[in-house]
2 protein chains.
Amino acid sequence: MIAIGQDASCCPGLASAPLDDECATELAKVFKALGDPVRLRLLSMIASREGGEVCVCEMTPAFDLSQPTISHHLKLLRQAGLIDCERRGTWVYYWALPGVLDKLAAFLTTPQAVTEVTA
Amino acid sequence: MIAIGQDASCCPGLASAPLDDECATELAKVFKALGDPVRLRLLSMIASREGGEVCVCEMTPAFDLSQPTISHHLKLLRQAGLIDCERRGTWVYYWALPGVLDKLAAFLTTPQAVTEVTA
DNA sequence: CTTCTATATTGACGTCTCTCGATCCAAGGC
DNA sequence: GCCTTGGATCGAGAGACGTCAATATAGAAG
């Protein structure tokens with residue numbers, strides 16, 4: 001629903017120029033999705049997985065929360081454009097959408113830090 | 001109040017290993033502070049400023065919001081450890097705390113992307 | 001000391017968010 | 001067909017959040 005892949009690239013960087021309203025609104029949606037410890041852990045479980053895919057049945061018991069709550073957080077992460085999922089038989093598998101996290105990281109990186117790395 | 005400088009460094013990276021609860025809670029506070037378009041714009045105004053300092057009197061009229069609301073958002077950004085301020089006469093000046101954004105960016109950067117850059 | 005200006009704080013209101021139990025849907029096995 | 005299992009959706013309640021008007025505070029100027 002949120003095309004961070006396109007909209008984030010329009011924003012040259014947090015510290016390079018004052019953000020316009022539209023860009024800030026789009027980016028805030030993604031950061032808001034990251035602004036919850038449960039969602040951060042879910043995303044980390046998914047993004048750090050070797051094979052790239054994690055079954056819901058594996059994530060739900062890792063938390064002290066009800067199954068609908070985990071499903072709700074996964075939905076928010078998906079709406080933020082951070083992950084996607086596919087049903088395979090009885091189970092549903094989630095994976096991290098590539099590039100989105102790196103684009104966010106690039107947006108946060110200050111120009112000085114960039115020049116230091118590339119120098 | 002939040003020592004992202006210390007606590008974020010304890011977290012090796014979102015995509016390198018599943019985040020533990022404590023680390024996720026600390027990081028979520030910072031991302032939550034970034035999860036509002038007004039705060040993103042405020043932080044961008046501050047971080048992109050050449051001299052490094054921005055007066056509140058310069059930020060308030062840039063928004064269609066009341067003065068207390070802007071003050072409130074600046075307070076949240078400060079509590080998240082992203083900015084700091086100092087009173088100088090009648091005016092108050094804000095600046096971005098260095099390194100925090102870069103640490104966040106490093107946390108979001110996937111291991112693959114890191115190896116690509118350093119290769 | 002009084003007054004004015006620039007910010008911060010307080011209190012209140014409506015809205016959004018997180019969580020749960022209950023229910024529904026999709027797929028497999030009998 | 002029916003039943004079981006894995007997930008998603010619905011509806012509700014408690015709490016957090018964003019916003020404002022009103023007030024308080026700090027400093028400068030008279």
Side-chain angles (χ1 to χ4, degrees), chain A residues 1-2 19 21-22 24-43 45-46 49 53-80 82-95, chain B residues 1-2 19 21 24-46 49 53-80 82-95:
Chain A
M1 190 154 292
I2 297 175
L19 229 51
D21 198 358
E22 184 185 2
T25 302
E26 286 303 315
L27 283 162
K29 290 177 184 173
V30 187
F31 284 121
K32 193 177 297 182
L34 297 175
D36 181 277
V38 176
R39 286 194 292 272
L40 266 186
R41 288 182 59 197
L42 283 171
L43 181 60
M45 286 182 67
I46 299 172
R49 173 56 58 96
E53 290 181 344
V54 184
C55 178
V56 175
C57 62
E58 197 172 348
M59 294 187 271
T60 304
F63 296 85
D64 235 18
L65 296 168
S66 70
Q67 175 265 322
T69 299
I70 299 299
S71 185
H72 167 68
H73 285 301
L74 287 171
K75 182 180 185 178
L76 292 187
L77 284 173
R78 190 156 44 88
Q79 288 179 335
L82 290 164
I83 60 177
D84 203 357
C85 65
E86 183 191 35
R87 179 174 213 110
R88 213 170 299 152
T90 311
W91 296 275
V92 176
Y93 294 87
Y94 280 80
W95 60 85
Chain B
M1 190 154 290
I2 298 173
L19 228 51
D21 198 358
T25 303
E26 286 303 316
L27 283 162
K29 290 178 185 173
V30 186
F31 284 122
K32 191 178 297 182
L34 296 176
D36 181 276
V38 176
R39 287 195 291 270
L40 265 187
R41 288 182 58 197
L42 283 171
L43 181 59
S44 180
M45 287 182 65
I46 298 172
R49 172 57 58 95
E53 291 180 344
V54 183
C55 178
V56 176
C57 63
E58 197 173 346
M59 294 187 272
T60 305
F63 296 84
D64 236 20
L65 296 168
S66 69
Q67 174 265 321
T69 299
I70 299 298
S71 186
H72 169 67
H73 284 303
L74 288 172
K75 183 179 184 178
L76 291 187
L77 284 173
R78 192 156 44 87
Q79 288 179 335
L82 289 164
I83 60 177
D84 202 356
C85 66
E86 183 190 36
R87 180 173 211 111
R88 212 169 301 149
T90 311
W91 296 274
V92 176
Y93 294 86
Y94 281 81
W95 61 86

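Reminder, nothing fancy here: chain letters follow the sequence lines and each chain counts from 1.
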Separation between OH of B:Tyr94 and CE of B:Met45, rounded to the nearest 0.5 Å: 13.0 Å
Going 5' to 3' along DNA chain C, which are the first and last nucleotides with any atom under 4.0 Å from a heavy atom of chain A? C:dT17 to C:dG28
Using whole Å, report how far CG of A:Leu76 lies from P of D:dT9. 11 Å
Which atoms form the tightest heavy-atom contact between A:Ala33 and A:Leu77, and what is the distance? O-CD2, 4.1 Å
Residues which pass salt bridge (charged side-chain N to carboxylate O under 4.0 Å, His left out) with A:Arg87, listed by chain and number, not counting sequence neighbours: none
Using a cut-off of strictly less than 4.0 Å between a heavy atom of the residue and any atom of DNA chain D, enumerate the qualifying residues of residues 31-39 of chain B by number. B:Lys32, B:Asp36, B:Arg39
Under 3.5 Å, which protein N or O atoms sit close to an N or O of nucleotides 20-22 of chain D? Give each pair with its distance.
from	atom 1	to	atom 2	distance (Å)
D:dC20	OP2	B:Ser66	N	2.8
D:dC20	OP2	B:Ser66	OG	2.9
D:dC20	OP2	B:Thr69	OG1	2.8

Return the residues of residues 86-95 of chain A meeting this criterion: a heavy atom under 4.0 Å from some atom of DNA chain C. Order them by number, or give none. A:Arg87, A:Gly89, A:Thr90
Holding to side-chain contact (heavy atoms from CB on, under 4.5 Å), I want the full list of residues that pass it with A:Trp95, two or more places apart in sequence or in another chain. A:Glu53, A:Asp84, A:Glu86, A:Leu97
Scan for side chain to side chain donor-acceptor pair (under 3.5 Å) pairs involving residues 32-41 of chain B, sequence neighbours excluded, and state none if there are none. B:Arg39-B:His73
Could you work out, with side-chain contact (heavy atoms from CB on, under 4.5 Å) as the rule, every residue matching B:Thr90, not counting sequence neighbours? none
Result block: side-chain N/O donor-acceptor pairs under 3.5 angstrom for residues 61-72 of chain B, not counting sequence neighbours:
from	atom 1	to	atom 2	distance (Å)
B:Ser66	OG	B:Thr69	N	3.4
B:Ser66	OG	B:Thr69	OG1	2.9

Let me know the distance between NZ of A:Lys75 and C1' of D:dG7, rounded to the nearest Å. 12 Å
Return the value, rounded to whole Å, for the distance between atom CD1 of B:Ile70 and atom C1' of D:dG18. 11 Å
Let me confirm one number: the OH-CD distance from B:Tyr93 to B:Glu58, rounded to the nearest 0.5 Å. 9.0 Å
Across all chains, not counting sequence neighbours, the salt bridge (charged side-chain N to carboxylate O under 4.0 Å, His left out) partners of A:Glu22 are none
Looking only at atom types and distance, does a side-chain atom of B:Thr25 sit under 3.5 Å from a main-chain N or O of B:Asp21, one as donor and one as acceptor? yes
Taking every heavy atom of B:Trp91 against every heavy atom of B:Cys55, the minimum-distance pair comes out as CD1-SG, 3.5 Å
Less than 4.5 Å apart, side chain to side chain, heavy atoms only: is that true for B:Leu82 and B:Leu34? yes
Separation between CG of A:Leu74 and CD1 of A:Ile46, rounded to the nearest 0.5 Å: 5.5 Å
Whole angstrom value for the distance that separates C1' of D:dA8 from NE2 of A:His73: 15 Å
